[in-house]
Asks: 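Structure incoming, see below.
Read the numbers this way: they start at 1 and go in the same order the structure lists the ligands and their atoms. If you read the sequence from its start, that first residue is 1, and numbering goes on from there.
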Amino acid sequence: MSETINPQAKDLEFRPPDDFVKNANINDSDVYKKANEDFEAFWEEQAEEIEWFEKWNNVLEWEPPHAKWFVGGKLNASYNCLDANVRKNGDKIAIIWEGENGEIRKYTYKELLVETSRFANVLKELGVKKGDIVTIYLPMIPEIVIAMLACARIGAPHSVVFAAFSGESLCTRISDAESDLVITCDGYYRRGKIVEQKKKVDCGLDSCSAVQKVVVVKHLDNDINMRAGRDIWWHDLMEASGPVCEPEAMNSEDMLFLMYTSGTTGKPKGIVHTTGGYMVGTHITAKWIFDLKDDDIYWCTADCGWITGHSYIVYGPLSNGATIVMYEGAPDYPEKDRFWDIVEKHKATILYTAPTAIRSFMKWGDTWPAKHDLSTLRLLGSVGEPINPGAWIWYHENIGKGRCPIVDTWWQTETGMVLISPLPGITTSKPGSATLPFPGIKAAVLDDNGNEMPPGEDGLLAITRPWPSMVRTIHGNEKRFIETYWEKWDKNTYFAGDGAKLDDDGYFHISGRVDDVIQVAGHRIGTAEVESILVSYPSVAEAGVVGKSDEIKGEVIYAYVILKSGISGDDKLKKELIEHVSSNIGPFARPKRIIFSDELPKTRSGKIMRRVLKAIANGKDTGDVTTLQDPEVVDELKKKTLEEE
Ligand code: WT7
């Protein structure tokens with residue numbers, strides 16, 4: 001990405017407007033100092049903001065790298081999202097849902113509680129017990145929220161699998177979680193076309209026989225196959241089920257959910273989040289960073305299939321009693337102003353979206369947002385990858401009309417909540433910087449040996465103190481948990497996998513992943529996952545996959561492929577390979593380029609050097625290649641890459 005703007009320039013700083021500051025949920029910068037002096041006391045104070053059935057005895061038990069928060073406390077996440085709000089105002093709208101075809105459905109908090117309780121009873125009826133992991137494979141329809149909250153209500157951790165994943169990817173996750181119940185739907189719309197979700201489930205389940213029951217939401221009424229004894233309609237079950245279900249009193253450290261995410265090996269990691277700390281962390285960050293007020297209409301455009309949807313569509317906003325907007329479909333359907341149409345129609349006041357979307361809007365042109373009344377907006381957010389200053393400024397001017405603070409929020413599946421972000425009533429923001437750690441959070445930029453980097457110098461992002469919503473372990477793989485996050489420096493220091501630097505004001509500028517993980521349009525994809533799918537194709541011998549920076553998507557996938565001997569690479573085979581990846585992982589993982597080659601850059605021990613491949617794909621200097629088996633392969637690959645552009 002070429003960027004001519006200097007984010008350090010003082011004239012690009014944005015100070016929150018006085019009236020925003022005056023009314024902000026948090027506007028006294030002393031909060032940072034106070035939280036820093038005694039972070040446990042700070043989090044204890046925040047924990048009082050949510051409802052507990054029983055109070056904790058201990059705020060934090062920290063045996064690095066294992067943290068237990070609010071030990072001894074008992075609570076229920078769905079109770080905090082529903083019952084607690086019904087008590088205040090049950091007629092308040094909780095969800096405004098818009099289908100891609102324009103259909104609108106609304107749920108009050110009271111209605112959402114009844115639907116959730118009914119489905120919680122359904123789950124019990126189907127034999128789901130506290131501790132059983134339930135897999136949810138639904139698109140952005142209200143039932144996904146109901147299903148998540150119903151699981152939380154009875155203490156069954158959910159594992160939501162992003163609806164665009166393939167049936168095979170679904171199956172991998174079901175098997176790892178040893179889940180025997182799947183909740184899905186017949187189909188859903190994407191750019192006017194029907195995605196046959198149930199068909200994907202049927203294919204996926206062929207290879208995981210453990211699944212006993214599939215609950216199917218009738219969303220489109222498209223033709224599907226219901227297997228007798230296994231598949232049951234959601235609406236039939238709901239009709240037969242009672243509207244009251246007592247929330248289970250969960251221990252603070254009981255698992256609330258599993259969320260699979262990509263790492264540096266082919267196998268996705270099941271990130272374990274627990275109940276108390278996660279609820280406290282998401283509740284307070286949602287309240288302070290998004291400045292949620294009673295009359296806000298809050299729209300996070302993420303999908304519930306990713307952590308952003310869990311923390312900032314469901315648990316954070318709903319525990320604050322917010323009215324949330326949910327949209328089923330694509331931003332450019334039927335026209336490129338769909339988002340602005342939704343903002344105008346539902347009078348959204350807060351919009352939280354991703355840099356990749358913002359860059360698409362920029363490309364589509366200023367006239368699309370200009371056609372709509374966006375004057376209800378008062379705060380904007382960004383998440384998923386670094387936002388380049390150009391996109392920040394466009395967002396600020398064209399959507400925020402120069403008026404709305406922007407919160408660039410850095411966090412991860414593993415962190416559960418936002419860790420680095422402006423507080424919109426306090427922080428002077430700078431385009432391209434997520435600014436400062438949230439109160440109570442301590443972060444640093446370190447070199448490989450754990451020394452702090454001086455301002456202006458690139459290093460690695462580290463979190464140097466435990467926080468309530470931190471990942472507790474990797475499901476079934478404690479060893480990987482420790483190796484991945486806690487062995488880079490020492491067991492007190494969390495390795496985020498991102499590069500970062502500080503500026504002279506101590507603001508963090510995060511540059512993106514430093515490991516073999518790429519963010520394609522904000523979707524996290526492991527290069528090893530794509531490689532293993534490519535080599536599963538009969539004509540492929542080896543594959544090396546890297547991210548190439550892209551103006552819209554942040555990164556796109558470049559796959560360097562060695563074919564088996566006697567097979568020649570042509571355009572047809574390229575298409576087949578792209579399709580193979582798409583159908584095995586999901587369309588969001590499609591390689592942008594397939595480059596056939598006779599060799600790949602390898603160390604003498606035969607390991608593919610992705611660092612070198614990445615430099616080649618990005619047209620950058622490959623650095624020292626003397627340790628390669630065959631240094632000549634570099635020039636060959638450079639030539640081939642150029643030919644493909
Ligand atoms: C990775 C985590 C957390 C929600 C969505 C992604 C990148 C995320 C930012 C930001 C720079 C960011 C990082 C991080 N990232 N937000 N504001 N600035 N980079 O969750 O799939 O777990 O991915 O997203 O590289 O490590 P995820």
Asks: Check the angle between the aromatic planes of Y352 and Y312 and answer parallel, tilted or perpendicular using the 30° and 60° thresholds.
Replies: perpendicular
Asks: Residues two or more places apart in sequence or in another chain: which of them pass salt bridge (Lys or Arg N to Asp or Glu O under 4.0 Å) with D408?
Replies: none
Asks: Mark yes or no for whether T427, through its side chain, and S429, through its backbone, hold a donor-acceptor pair below 3.5 Å.
Replies: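 Judged by distance alone, no pair lies under 3.5 Å.
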Asks: Please state whether the rings of F162 and W306 are parallel, tilted or perpendicular, taking 30° and 60° as the class boundaries.
Replies: tilted
Asks: Could you tell me how the ring of F588 sits relative to the ring of F165: parallel (under 30°), tilted (30 to 60°) or perpendicular (over 60°)?
Replies: perpendicular
Asks: Would you confirm whether D296, through its side chain, and Y298, through its main-chain N or O, come within 3.5 Å as a donor-acceptor pair?
Replies: no
Asks: Report all protein residues having a heavy-atom distance below 4.0 Å to some atom of ligand 1; order the list by chain, then number.
Replies: I307, T308, V383, G384, E385, P386, D408, T409, W410, W411, Q412, T413, D498, I510, R513, Q519, R524
